[in-house]
**Student:** 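Provided herewith is a single structure, encoded as structure tokens, for subsequent inquiry.
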Protein chains: 2
Amino acid sequence: MLRLSKLTDYAVVVMVQLSRQTRTAAGGEGGVSTAPCLAQATGIPEPTVAKVLKALAASGLVSSQRGARGGYRLARALSAVAIAEVITAIDGPISMTACVDGATGGCEAQTCCPIRGRWDPVNDAIRATLSSITLDSMDKAFDRLQMPHAPSAEAPAGAPPGAPVHAVVNSQRTKSASLAAE
Amino acid sequence: MLRLSKLTDYAVVVMVQLSRQTRTAAGGEGGVSTAPCLAQATGIPEPTVAKVLKALAASGLVSSQRGARGGYRLARALSAVAIAEVITAIDGPISMTACVDGATGGCEAQTCCPIRGRWDPVNDAIRATLSSITLDSMDKAFDRLQMPHAPSAEAPAGAPPGAPVHAVVNSQRTKSASLAAE
DNA sequence: CCGAAACCGTACAATTCCGGTCCGGTTCCT
DNA sequence: AGGAACCGGACCGGAATTGTACGGTTTCGG
């Protein structure tokens, strides 16, 4: 089913949201946005947002500014960030079998393990595919989906006043795929 | 990290092995091969092989023949089977977020879930990539890897006499990917 | 100069999911 | 009639991911 981790999903959301806030200067104060602010805007719990942001910063996808009035800023425009980079930042290198490269320790009996290197072309193809899609295309898809209901429901300002919408994203996610064809 | 399940990996191995055995009429007896035979040839535990074979048969990738002297047979040649089909047979439909299609039950608050449909282009691209690679290309890669050591180490005959090589494939596999970059 | 805000790094507990196994039943050839 | 093999389900254990918490450090603002 090719699951990518939920954190990666969050990372994409956070980066898109970060782009909007720093661009409109609504949530941040002149180019940066804080983790709590992003958490409230996206509905993702604060510690999780912080964790994602940290991993993103470690990979250089966002730059951080410490201290009071600190925050995060996109290192590049969304159109210059491939989702492959985000996935790599959160989940590590993109591969499907873990039997890639050296894999020192696993499958030491090469003569009996019939899968060594077998998935390499697949991994390369997937990697190429993921590298060709940038974040802004997903942002565009987002806009299109939001159209029917609310013209500006994504809350570009600091916070929607009531905003009890939280943690609904993490309820159940992986269930629907299994019941469909198993 | 894009993990695909270990079962899918096994499925590929089993299908390749099944192709060899039914083609050379070595392990089976004229076109079919049994689950225990495949288990011994591949080193995968028998119940697991049976489970994989069952899923494969349910999807029409292999055909089963019940009763004594029964067994499994490839429904199509390896070159006509895309790995996307194998993945779908074992892991369900290919998607990365489970928030695809209707997803009745999950993410009922569309207004707050910013990821609805966002991964659709990615899923489509991955699906197309996986549909363009067939099993025989992986079989070819297998041959190339086996060359250096043994000319015919894959044991095309029913069973290598001693053959204590078992269950080494399932010992540790998912570990190496995590230590690589996390 | 001092306090507050925000990031930083690590460690930890809970949950969910996957991998692997087993059972009784049915079908079919010998 | 008997045995061999598939069939369908459920079950349990282990592992990975998820989500959270805490103490420390850096920097700005008053």
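Because the structure is a prediction, the values reported are computed rather than measured. Chain letters run A, B, ... following the sequence lines, proteins first, then strands; residues in each count from 1.
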**Student:** Considering only C:dT21, C:dT27, D:dT20, which nucleotide approaches the side chain of B:Lys51 most closely?
**Tutor:** C:dT21
**Student:** How many whole angstroms separate atom CD of B:Glu46 from atom P of C:dC22?
**Tutor:** 11 Å
**Student:** Rounding to an integer number of Å, can you tell me how far A:Asp91 CG sits from D:dT17 P?
**Tutor:** 8 Å
**Student:** Taking atom OG of B:Ser132 and atom CD1 of B:Ile83, what is their separation to the nearest 0.5 Å?
**Tutor:** 7.5 Å
**Student:** Mind checking B:Leu7 for me? I need base, sugar-phosphate or nothing, with any heavy atom below 4.0 Å counting as a touch.
**Tutor:** sugar-phosphate
**Student:** Any side-chain N or O of B:Ser64 under 4.0 Å from OP1/OP2 of D:dC7?
**Tutor:** yes
**Student:** Should the pair A:Lys6-A:Asp9 be classified as a salt bridge under the 4.0 Å nitrogen-to-oxygen rule?
**Tutor:** no
**Student:** If only atom types and distance count, is the side chain of A:Ser19 paired as donor or acceptor with the main-chain N or O of A:Met15 below 3.5 Å?
**Tutor:** no
**Student:** Considering just the side-chain nitrogens and oxygens of B:Arg69, establish if one lies under 4.0 Å of OP1 or OP2 belonging to C:dT27.
**Tutor:** no
**Student:** Would you please confirm or rule out a distance under 4.0 Å between OP1 or OP2 of D:dT20 and any side-chain N or O of A:Thr48?
**Tutor:** yes
**Student:** Please name the residue in the list B:Thr129, B:Leu130, B:Asp124 that meets the side-chain contact (heavy atoms from CB on, under 4.5 Å) test with B:Ile126.
**Tutor:** B:Leu130
**Student:** Compare the minimum distances between each of C:dC29, D:dC7, D:dC6 and the side chain of B:Lys54, then state the nucleotide with the smallest one.
**Tutor:** D:dC7
**Student:** Let me know, please, whether A:Pro47 or B:Tyr72 comes out on the 5' side of the other along DNA chain D by nearest nucleotide.
**Tutor:** B:Tyr72
**Student:** Would you mind telling me which residue lines up with the more 5' stretch of DNA chain D, B:Gly71 or A:Arg66, judged by nearest nucleotide?
**Tutor:** B:Gly71
**Student:** Round to a whole Å and report the spacing from CD of B:Gln65 to P of D:dC7.
**Tutor:** 11 Å
**Student:** Map A:Ala57 and A:Ala68 onto DNA chain C by nearest heavy atom, then report which one ends up closer to the 5' terminus.
**Tutor:** A:Ala68
**Student:** Given atom CG of A:Asp9 and atom C1' of D:dG19, what is their separation to the nearest angstrom?
**Tutor:** 15 Å
**Student:** Ignoring the backbone of A:Ala35, work out which of D:dA16, C:dG19, C:dC7 is nearest its side chain.
**Tutor:** C:dC7
**Student:** Examine C:dG20: is either OP1 or OP2 under 4.0 Å from a nitrogen or oxygen in the side chain of B:Tyr10? Give yes or no.
**Tutor:** yes
**Student:** Without decimals, in angstroms, what is the distance between B:Arg73 CZ and D:dA5 P?
**Tutor:** 16 Å
**Student:** Can you measure B:Leu53 atom CG to D:dG8 atom C1' for me and round it to whole angstrom units?
**Tutor:** 15 Å
**Student:** In whole angstrom, give the distance that lies between atom CG of A:Leu56 and atom C1' of C:dC7.
**Tutor:** 15 Å
**Student:** Send over the distance from B:Lys6 NZ to D:dG14 P, rounded to a whole Å.
**Tutor:** 14 Å
**Student:** Side-chain contact, heavy-atom cut-off 4.5 Å: A:Ile90 with A:Leu56?
**Tutor:** yes
